[in-house]
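Read through the structure below, which is laid out as structure tokens, and then see the notes.
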Amino acid sequence: MAYDETGRIAPVETSSGVPAAVLENVFDDPSHGEPGRDRIAVHVVWEFLLLVGLAALTWLLWRADADALRGGALKTLLVDVAGLGLLALAAGLSLRAAAVNLAIGPVALAAALHFAEQGDRGVREALLPALVVAALGGLALALAVVVLHVPGWAASLAGAAAVIVYIERRTTPVAVQGGYDPRRTALYLFVGFAAVAVLGGLFGAIKPVRRLVGRFRPVADPARRRGAVAATVTALALIASTVLAVLGGVLIAANGDGPVAPASGFDWSVLAIGAVLLGGTSAYGRRGGIFGTLLAVCAVEVFLAWAVTQDWTISRWAVGGAALGAGLLVTRLVETFGRPRPTPPGGVPAGPSGDGTISTGWALTPSPEPADAWPSVLPVRDPDTVDSWESPRWEGEPRRWDAGDR
């Protein structure tokens with residue numbers, strides 16, 4: 001059933017055969033991609049399972065050492081969560097923008113070494129130069145990604161190599177200078193990370209925001225440019241992720257028990273990216289949950305604290321690799337069950353209520369021809385046939401009632 005107006009013809013259709021007006025309402029990317037909106041139910045189910053796992057790990061930690069969840073030990077744990085959480089936010093932001101930043105680990109370690117050396121000058125004096133350098137480095141990385149239009153992992157790998165050269169200038173561990181103790185504000189740091197993670201997930205669940213942030217995600221040829229808007233958003237995401245990595249590295253250094261040892265820092269990259277993927281963010285970009293990153297980071301840190309109570313020696317490489325492997329499985333689940341629903345047999349994707357579909361199932365589809373081309377429902381008259389009602393004999397015969405026969 002179609003509603004038409006005189007002289008109106010069908011709107012221009014896209015290459016997919018679906019009208020452009022319908023595409024704008026039901027596509028996450030109106031120019032390309034699958035019809036329909038991403039589904040969030042898979043994230044809800046997975047985040048519930050993560051919450052159950054976190055509760056189980058917390059119970060195991062409490063049984064092994066109840067003091068680990070009280071006093072100074074709890075504050076140390078909260079700062080550890082905030083430090084890894086900042087790295088996870090950096091990884092998650094770049095993943096959502098479909099340009100993962102592998103350099104966040106080396107950047108965090110370089111910032112930790114810088115803060116360890118310059119911390120005696122004060123937090124502000126040590127932190128501001130590091131943030132400026134991080135912003136400029138993130139800008140250089142962003143320009144390489146969006147101007148050359150190359151994969152983020154490749155460009156960030158080159159950037160990580162440059163950062164490792166800076167790290168390798170030190171041959172011995174560096175003791176942390178200064179008196180900054182993040183445990184004094186442990187609760188505020190944890191709440192701040194949790195608020196940013198949850199609010200970011202909520203905003204990312206809004207269709208226009210998700211579409212904007214994930215616009216760099218390829219939909220056809222991955223080497224094809226995605227436009228100026230996609231390039232700008234991706235550049236900002238890479239800059240922000242580099243700055244967040246610096247902040248996370250400072251917290252890690254200040255919360256540590258010993259000196260900061262020079263290393264590659266890639267173990268922190270693997271751990272942070274693994275936590276984000278485990279939380280439900282897709283490795284392909286754009287799709288992600290709401291509470292997943294917060295729950296996954298908490299679960300990783302609680303597990304590491306529980307492993308200490310068991311006298312286990314587990315490296316970040318092992319935990320990060322396990323989280324990364326599980327996160328890849330979660331990505332497959334998210335991409336399988338989070339994609340739009342299949343297109344109905346009519347070929348036009350089902351839109352929301354009030355966007356072209358009546359609750360009874362009648363679709364308001366445009367007519368392919370003008371509205372005034374109505375088919376004729378009256379019989380066509382043959383000019384050679386004489387109508388019996390118009391026969392001349394009715395005019396030639398006398399009228400009986402006029403002849404006096406009354």
Tell me, do [X] and [Y] make a side-chain contact under 4.5 Å, heavy atoms counted?
X	Y	answer
Ile167	Ser264	no
Leu251	Asn255	no
Leu93	Asn101	no
Leu127	Leu247	yes
Leu102	Ile273	yes
Phe216	Val145	yes
Pro182	Leu189	yes
Val45	Phe337	no

Tell me, with the steps shown, if Val229 and Arg215 meet side chain to side chain contact (heavy atoms under 4.5 Å, CB included).
CA-CA 8 Å; Val229 175; Arg215 199 176 183 87; 4.1 Å; yes

Can you confirm whether more than 12 heavy atoms, excluding those of Phe266, are under 6.0 Å from its CZ atom?
yes

I'd like to know if the side chain of [X] reaches the main chain of [Y], judged simply by a donor and an acceptor atom lying under 3.5 Å from each other, with no hydrogens or angles considered.
X	Y	result
Glu117	Val174	no
Arg226	Arg217	yes
Thr336	Leu333	no
Arg225	Val147	yes
Thr309	Asp65	no

Would Trp46 and Val334 count as a side chain to side chain contact (heavy atoms under 4.5 Å, CB included) if you check the C-alpha gap in whole Å, the side-chain angles of each, and the deciding distance to 0.1 Å?
CA-CA 9 Å; Trp46 178 246; Val334 167; over 6 Å; no

State, to 0.1 Å, how close [X] and [Y] come at their nearest heavy-atom pair, and which atoms those are.
X	Y	answer
Trp317	Val270	CZ3-CG2, 3.8 Å
Glu47	Gly292	OE2-N, 3.2 Å
Pro222	His149	O-NE2, 3.4 Å
Ala323	Ala275	CB-N, 4.3 Å
Arg183	Thr76	CD-OG1, 3.2 Å
Ser269	Gly105	OG-N, 2.8 Å

Between Leu271, Ile252, Leu244, which is the residue that forms a side-chain contact (heavy atoms from CB on, under 4.5 Å) with Leu87?
Ile252

Does the side chain of Ser282 pick up a donor-acceptor pair with the side chain of Arg286 at under 3.5 Å?
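No, because no side-chain N or O of Ser282 sits under 3.5 Å from a partner of the opposite role on Arg286.
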
How long is the straight-line distance from [atom2] of [Y] back to [atom1] of [X], given to the nearest 0.5 Å?
X	Y	atom1	atom2	value
Leu77	Leu69	CG	CG	7.0 Å
Ser315	Leu304	OG	CG	10.0 Å
Arg96	Thr234	CZ	OG1	13.5 Å

Tyr166 and side-chain hydrogen bond (donor to acceptor under 3.5 Å, both in side chains): which single residue from Arg169, Arg170, Glu168 fits?
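With Tyr166 as partner, Arg169, Arg170, Glu168 yield a single side-chain hydrogen bond (donor to acceptor under 3.5 Å, both in side chains), made by Arg170.
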
Going through the distances and angles, do Val260 and Leu109 end up as a side chain to side chain contact (heavy atoms under 4.5 Å, CB included)?
CA-CA 8 Å; Val260 180; Leu109 183 57; 3.9 Å; yes

Checking Ser156 against Leu141 for the side chain to side chain contact (heavy atoms under 4.5 Å, CB included) test, could you report, in this order, the C-alpha distance in whole Å, the side-chain angles of both residues, the deciding distance, and whether it holds?
CA-CA 7 Å; Ser156 62; Leu141 173 62; 4.1 Å; yes

